[in-house]
Amino acid sequence: MNALMAEHGAYDVARIRGDFPILGERVYGKPLTYLDNGASAQKPRAVIDAIRNAYETEYANVHRGVHYLSQRATDAMESARQKVRDFLNAREDHEIIFVRGATEGINLVAASWGRANLKPGDEILLTTMEHHSNIVPWQMIRDQTGAVIKVAPIDDDGALVMEELARLIGPRTRMVAVTHVSNALGTVVPIADIIRRAHAVGAKVLIDGCQAVPHIPVDVQALDCDFYVFSGHKLYGPSGIGVLYGKAALLEAMPPYQGGGEMIETVTFQKTTYAGLPFKFEAGTPHIVGAVGLGAAIEYLGSLGLPRIAAHEHELLAYATERLAALNAIRIVGRAPEKAAILSFTLDGVHPHDIGTILDREGIAVRTGHHCAQPVMDRFDLPATVRASFGLYNTREEVDRLVAGLARVQEIFRS
Ligand code: 7TS
């Protein structure tokens, strides 16, 4: 921590909150307590200004125009691609494909890589704690190819059962698609170990990094993963933009996912040849300003230092876990030894939606429901949980407000 402090100074959360205009809003006359960062994080002024500046001063369609503004817009978008490459430590800019979000990134790999590589009986390995967006695309490709889906289980704490996972990786495994951090439980998955085991049998690995990149520095070369996806909006950037990283050799061998403008080299009615990477996978006009906004978000995170953000959130999660555990009748769902920024729980006798509604009246935004991870809910025999998910601007005081809100819920349901 000392080296980090020396580089960036102390982590001044009050000052950092000032970077996020929306945090000054009031909700039902109460200060906003935003604890739904796992769904979408709020945007710092640096991102909002970058979006505004892009529309006001450097907006035109990209990659096709010879005119000045088109060049400016193209440069801005390609500079964002370089920022993403640095952020993930990818080897090449063209290994970064801009997509709509993690969902589209996974669909792209499942459809393009899956159709080209999966045969009947080939196995796709998932885990119980995948978000639906890392389940459904694989089921769709399974149904088209005759591949088989296997599922690695989790234990009562919400940790992956590694011995079972190791047993499920075998000579028929072609793809292992796992989340880096569970959105419903907060579990940090030991992906380096999984990647090693998968590669030992020649399988490819896709990591769903949606819930990881806002909290954990990622180095795709050190990890040696084949694909890594994330969404901009959970990383303090805009919605409608996300990233698929893929190793160049794999992406080059994959057929296009969608056809259209931007992704071609030449077109006749007889035959079309495709553009090289990354454009082969970016059909149509992209979310130009979204990419610029994502680049600004990555720069902003870099200015704070991801390890410092992680340390702050870790401390907050430990504090929140301790305070909630001390409350009567609260059950914390997800107690894996390694967790990031997510606290899921239930309260005996009260439906999560009622808890969410009462907290909302106190200005506290949490998420309630199955969190698009129904297999996790089934595993714990629950219809839903309440989820508080922390971001770089949350404070201990906000945790105290959450605890007071929960006491209020208990009071209402006792009377
Ligand atoms: N993977 C994980 C682990 C996620 O948490 C989410 C979104 C997705 C994929 C899909 O991301 P998208 O940007 O393409 O929609 N998770 C959540 C959530 O936990 N609450 O709302 C969205």
Side-chain angles (χ1 to χ4, degrees), residues 34-43 84 97-111 126-140 151-152 154 158 160 176-189 191 194 205-216 218 225 227-245 257 287 290-291 293-294 297 313 333-334 336 338-345 352-353 356 365-377 379 382 384-391:
Y34 190 75
L35 300 177
D36 194 19
N37 297 285
S40 253
Q42 300 298 347
K43 318 307 170 198
V84 174
I97 313 290
F98 283 121
V99 289
R100 208 156 50 77
T103 301
E104 190 177 48
I106 298 167
N107 274 277
L108 190 163
V109 176
L126 310 176
T127 80
T128 305
M129 68 185 130
E130 299 314 313
H131 186 279
H132 295 165
S133 64
N134 199 26
I135 300 174
V136 184
W138 299 112
Q139 290 174 325
M140 289 160 66
V151 183
I154 54 177
L160 198 57
V176 179
V178 296
T179 194
H180 193 168
V181 172
S182 157
N183 73 313
L185 301 166
T187 309
V188 179
V189 176
I191 56 168
I194 295 173
V205 182
L206 176 143
I207 304 295
D208 173 358
C210 256
Q211 298 293 343
V213 286
H215 315 292
I216 301 173
V218 171
C225 57
F227 302 101
Y228 195 100
V229 299
F230 70 87
S231 295
H233 64 100
K234 296 178 201 284
L235 192 69
Y236 309 94
S239 45
I241 187 81
V243 168
L244 163 65
Y245 157 81
Y257 172 55
H287 189 0
L294 176 58
E313 291 171 343
V333 183
E338 267 217 67
K339 284 187 63 176
I342 283 170
L343 191 55
S344 251
F345 58 92
H353 291 309
V366 292
R367 181 136 301 228
T368 65
H370 54 59
H371 315 296
C372 298
Q374 283 184 3
V376 172
M377 299 298 118
R379 168 64 178 77
L382 293 166
T385 71
V386 182
R387 182 187 70 183
S389 50
F390 303 104

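One-based numbering, in listed order, for ligands and for the atoms of each. Note that the coordinates shown come from a computational prediction; the quantities given were computed from them, not determined experimentally.
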Q. For atom 4 (C) of ligand 1, what's the nearest protein heavy atom and its distance?
A. H131 CD2, 3.3 Å

Q. Judged by non-hydrogen atoms, does N134 sit under 4.0 Å from ligand 1?
A. no

Q) Do T385 and H371 have a side chain donor and acceptor closer than 3.5 Å? A) yes

Q: Run the numbers for me: atoms of ligand 1, each under 4.0 Å from some heavy atom of S133, listed by number.
A: 1 (N), 8 (C), 9 (C), 10 (C)

Q: For residues P238 and G290, report the shortest heavy-atom separation together with the two atoms involved.
A: CG-O, 3.6 Å

Q) Hey, is K234 one of the residues with a heavy atom under 4.0 angstrom from ligand 1? A) yes

Q) Which atoms of ligand 1 are found less than 4.0 Å from any heavy atom of T179? A) 3 (C)

Q) Any idea which part of H233 is under 4.0 Å from ligand 1, heavy-atom wise: side chain, backbone, both or neither? A) side chain

Q. Which protein non-hydrogen atom lies closest to atom 14 (O) of ligand 1, naming both residue and atom, and how far is it?
A. T103 OG1, 2.5 Å

Q.
Between ligand 1 and S231, is the shortest N or O to N or O distance under 3.5 Å?
A. yes

Q. Relative to ligand 1, is C210 under 4.0 angstrom through side chain, backbone, both or neither, heavy atoms considered?
A. side chain

Q) Any side-chain heavy atom of Y257 within less than 4.5 Å of one from V99? A) no

Q.
Against ligand 1, does C372 come closer than 4.0 Å with any heavy atom?
A. no

(Q) Heavy-atom pairs closer than 4.0 Å: do any link ligand 1 to the side chain of D208, the backbone, both, or neither? (A) side chain

Q. Got the closest protein heavy atom to atom 5 (O) of ligand 1, with its distance?
A. Q211 NE2, 2.7 Å

**Q.** Heavy-atom pair with the smallest gap, counting every atom of Y228 and H180
**A.** OH-ND1, 2.9 Å

Q.
Quick check on side-chain hydrogen bond (donor to acceptor under 3.5 Å, both in side chains): which of D36, N183, N37 does R367 satisfy it with?
A. D36

Q.
Can you classify the ring geometry of H370 versus H132 as parallel (below 30°), tilted (30 to 60°) or perpendicular (above 60°)?
A. tilted

**Q.** Under 3.5 Å donor-acceptor, S231 side chain and A102 backbone
**A.** yes

Q) At a 4.0 Å cut-off, with the gap strictly under it, does some heavy atom of E104 reach an atom of ligand 1? A) no

Q) Does one side chain, of E313 or H215, offer a donor that lies under 3.5 Å from an acceptor on the other? A) yes

Q.
Considering non-hydrogen atoms of the protein only, which is the closest contact for atom 20 (N) of ligand 1, and what is the distance?
A. R387 NH2, 3.3 Å

Q.
Taking V189's backbone N and O only, do any of them form a donor-acceptor pair with E338's side chain (distance below 3.5 Å, no angle check)?
A. no

